[in-house]
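Structure first, then comments.
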Amino acid sequence: MKRIQNYINGKLENPISNQWLDNYDPSVGEVYAHIPNSGKEDVEKAVLAAKKAFKTWSVTSIEERSRILHKIADGIEANMEKLVVAESKDNGKPLALAGAVDIPRAVSNFRFYAQAITQFSSNAHENIGSKSINYTLRKPMGVVGCISPWNLPLYLFSWKIAPALVTGNCVIAKPSEVTPMTAFLLSEICQKAGLPDGVLNIVHGLGTSTGQAIVEHPEIKAISFTGGTKTGAHISRIAAPMFKKLSLELGGKNPNIIFADCDYDKMLKVTLKSSFANQGQICLCGSRIFVEKSIYEQFKKDFITKTKALKVGSPKNPDSDLGAMVSKEHFEKVLSYIQNVEKYGGKLLCGGNPVKVEGHESGYYLEPTIIEVGSNDCKLNQEEIFGPVVTLMPFETEEEVLAMANEVRYGLSSTLWTSNLNRAMRISNALETGIVWVNTWLNRDLRTPFGGVKESGIGREGGFYALEFFTEPKNVCIQYT
Ligand code: TXE
């Protein structure tokens, strides 16, 4: 059976304890690899390597760091097919999705930050009256931690480590134990790209032990984390007394607001994606759909018809719109919401059943599911389900829908469908989310701030925001005569 190894100080190695965890292929429900069950001692070894490497990496020229990031991107491109297959097998997502989104986006993340650093400048403030000048440097922080989730494994892993590395930090990174394979393959690519030893260290293992050891380590100055809100709160409690810098990208319960004056066909097509892409396991999915009353019945009918036509099947099948859910545990969590649909204040309109895929009978497949709810207060509209499950509800006025959209503890993203510019401006200004999409969804420009408000987290990733996060401003004031 394949063994994934840690990447510490430039070498691939077994965990010190020689303890291993099972890694599942969710499309068939079988273990296909083992991953290190790393402990504190592995994290300690990685931190020592990173501290040593920091002395040189932090003073390596921007051109050289940028060149190495481009070489890593070249390495991902050269291994595209292998990485696409690995991502799909580890996560259960359709091959086509991994090939169109996940792995190409990992390439873009490295290329984007390889270029962004060359445009990231310092500020100077001259004060002629007092004959002094202040200039503000952006210094790398030292050793930083990057912890990523399982829904977009290499995509989100690279989204964090690329800006961390290019700013001159040395990194201790942990991918999700549920989907560790592409991060492991990335370590081989980094070796070949000539990334100096110890600059990036990838330590595999459980969140509660390996992840916890990273967060607790006093020499790790910053943590960039994407994952569940509960875990984010736990990390904050540990990190706060050590004054660590934190960037937390957490859960969402995003509204998708549809007005009767929208481009109906486009809206329907995109809403199908924003509901069920990646089996609904994207923090940006629009899981609460609010539809203006005058088109509610029409939308309900059309949306159900389109949803029923989606094909759930093997990730390897090019016809599959939805693949497998990421794990048995997550599959059961999502299913439990559906099984309690009436108790939780909803009515099942379509889907809701596990799917038996021929030849993959033990895989974790679920029908795309639409639930009608009578009120925004219900559990189904207030808790992040994070699966192929959306709720539907009509509204009558702008004020009413805006209040419902904002009456939730999350605030990551929102989508708005209307052709009325004034309304689009009014509502996008008033929505309490970090990201608003108008007449589009998941339309990403890597220069823009990415992150949420309320319990969706703190800080922003993307563009110069991530470069700022991974650097410490240092002001120097000089007076002259
Ligand atoms: O995430 P966890 P889980 C949401 C989604 C999902 C819920 C729980 O609603 O149902 O979170 O998912 C590491 N110290 N999202 O439990 O545990 C863990 O090993 C340090 C939304 O799978 O938060 C993994 O690498 N690290 C989300 C990472 O945290 C710890 C994407 C995320 O796992 C840790 C995923 C600890 N104590 C889930 N405990 C999004 N925002 O996109 C765990 N980890």
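Values below: all heavy atoms of this structure, side chains included; hydrogens, waters and symmetry mates excluded. Both ligands and their constituent atoms are indexed starting at 1 by order of listing.
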When you compare the side chains of [X] and [Y], does any donor N or O come within less than 3.5 Å of an acceptor on the partner?
X	Y	answer
Gln212	His234	yes
Asp22	His34	yes
Ser38	Asn6	yes
Asn381	Asn376	yes

Going by the order shown, which atoms of ligand 1 are within less than 4.0 Å of some heavy atom of [X]?
X	answer
Val215	20 (C)
Glu249	41 (N)
Ile147	13 (C), 20 (C), 25 (O), 26 (N), 28 (C), 29 (O)
His330	10 (O)
His234	37 (N)
Trp150	3 (P), 22 (O)
Lys174	18 (C), 19 (O), 25 (O)

| query | What's the shortest heavy-atom distance between Pro175 and Ile202, and which atoms? | reply |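 Closest approach of Pro175 to Ile202: CD-CG2, 3.9 Å.
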For [atom], which protein heavy atom lies nearest, and how many Å away is it?
atom	answer
atom 2 (P) of ligand 1	Thr231 OG1, 3.5 Å
atom 1 (O) of ligand 1	Gly228 N, 3.9 Å
atom 20 (C) of ligand 1	Gly211 C, 3.2 Å
atom 4 (C) of ligand 1	Glu384 OE1, 3.3 Å
atom 29 (O) of ligand 1	Phe225 CE1, 3.1 Å
atom 18 (C) of ligand 1	Glu177 OE1, 3.6 Å
atom 25 (O) of ligand 1	Ser148 O, 2.8 Å

| request: Take Glu332 and Lys328, measure what salt bridge (Lys or Arg N to Asp or Glu O under 4.0 Å) needs, and give me the verdict at the end. | output: CA-CA 6 Å; Glu332 282 168 358; Lys328 183 163 189 275; 3.3 Å; yes
| task | Return yes when at least one protein heavy atom is under 4.0 Å from atom 8 (C) of ligand 1, and no when none is. | result | no
| request: Can you confirm whether something in the protein, heavy atoms only, sits under 4.0 Å from atom 16 (O) of ligand 1? | output: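 There is no protein heavy atom less than 4.0 Å from atom 16 (O) of ligand 1.
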| message | Could you work out, for atom 21 (C) of ligand 1, the closest of Cys283, Ser327, Gly227, Pro149 by heavy-atom distance? | response |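 Selected option, by shortest heavy-atom distance: Gly227.
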| message | If you apply the rule ring-ring contact (aromatic ring centres under 6.0 Å, His included), what do you find for Phe464 with Phe120, and how did you get there? | response | CA-CA 7 Å; Phe464 287 174; Phe120 188 52; 5.4 Å; yes
| request: Could you check Phe386 against Trp150 for ring-ring contact (aromatic ring centres under 6.0 Å, His included), going step by step and ending with a plain yes or no? | output: CA-CA 12 Å; Phe386 215 62; Trp150 44 257; 5.4 Å; yes
Heteroatom distance test ([X], ligand 1): nitrogen or oxygen, under 3.5 angstrom:
X	answer
Leu250	yes
Gln212	yes
Lys333	yes
Gly207	yes
Gly205	no

| field | Derivation of the salt bridge (Lys or Arg N to Asp or Glu O under 4.0 Å) call for Lys51 and Glu219 | value | CA-CA 9 Å; Lys51 271 178 72 183; Glu219 307 251 26; 3.0 Å; yes
| field | Under 3.5 Å: donor-acceptor pair, side chain of Asn254, backbone of Ser413 | value | yes
| request: Kindly say whether Lys244 contributes a backbone atom to a donor-acceptor pair with the side chain of Lys221 at under 3.5 angstrom? | output: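 Checked: no pair found.
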| said: Between the side chains of Glu361 and Lys356, is the shortest nitrogen-to-carboxylate-oxygen separation below 4.0 Å, so that they form an ion pair? | reply: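 Salt bridge: no.
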| field | Ion pair check, Lys347 and Glu342, cut-off under 4.0 Å | value |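 No, this pair does not count.
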